[in-house]
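Atom set for the values below is all heavy atoms of this structure, side chains included, hydrogens, waters and symmetry mates excluded.
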Amino acid sequence: MCGILGQIVFNGAEPNVHQLKIQAAYMNLRGPDNEGFWKHQNVALGHKRLSIVDLSSNADQPMISANGNVVIVFNGEIYNFKNLRNELARRGVAFRSASDTEVLIEGYIEWGIESLIAKIEGMFAFCLYDLEKKICYFIRDPFGKNGSIFFS
């Protein structure tokens, strides 16, 4: 089980990545394999990784799309990610990892958030930030992946 966290600041100040790192330290058991942090303007995201699907560093998070416009932190498992990956590959999407996380990013770019959510099956919680649109989505499966999202 991974841990995801983030901060969105609306008062003109910058997010406090140091504070995210302190919060992430409390989630060491959730993600002992790696951690990562990302910041852009008023949004910062963090991730504690438990490597399961793709053990390579190509699947580290926060993960940024190939076009640089989308970033995601994700916890869970997308049961049908291989089928979705194949569908995206047939549409010409090139993947850098074998992870379900990248399928979420590329699925969002290809289909939009509503269609992506309608297609995915699994247990999950993720935060996806679109830098171009300046929209941050907080998504979880209908039954609610417990204890996965911590935002301050």
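- The closest donor-acceptor contact from the side chain of Asn80 to the backbone of Glu121 lies under 3.5 Å.
- A cation-pi contact, defined as under 6.0 Å to the ring centre and within 45° of the axis, links Arg85 to Phe95.
- Across all non-hydrogen atoms, the minimal contact from His47 to Val73 is CB-CG1, 4.0 Å.
- For the pair Ser65/Ile109, a side-chain contact is recorded, criterion being any heavy-atom separation below 4.5 Å from C-beta on.
- Of the residues Lys39, Gln19, Glu14, the one that meets the side-chain hydrogen bond (donor to acceptor under 3.5 Å, both in side chains) test with Gln7 is Gln19.
- To the nearest 0.5 angstrom, Ile139 atom CD1 is 7.5 Å from Ile120 atom CD1.
- The side-chain heavy atoms of Phe81 and Leu104, taken from C-beta on, include no pair separated by under 4.5 Å.
- Listed by chain and residue number, Glu87 satisfy the salt bridge (charged side-chain N to carboxylate O under 4.0 Å, His left out) test with Lys119 (two or more places apart in sequence, or in another chain).
- Side-chain atoms of Asp100 never come within 3.5 Å of backbone atoms of Glu77 as a donor-acceptor pair (strictly under, hydrogens ignored).
- There is a side-chain donor-acceptor pair under 3.5 Å between Gln61 and Thr101.
- Side-chain contact of Asp130 with Tyr137: a donor-acceptor pair under 3.5 Å is absent, judged by distance alone.
- Applying the side-chain hydrogen bond (donor to acceptor under 3.5 Å, both in side chains) rule to Gln41 yields no partners; only residues at least two apart in sequence or on another chain are considered.
- Contact annotation: the side chain of Leu128 never approaches that of Cys136 to less than 4.5 Å [non-hydrogen atoms, C-beta and beyond].
- Residues passing the salt bridge (charged side-chain N to carboxylate O under 4.0 Å, His left out) test with Glu110 are Arg91, sequence neighbours excluded.
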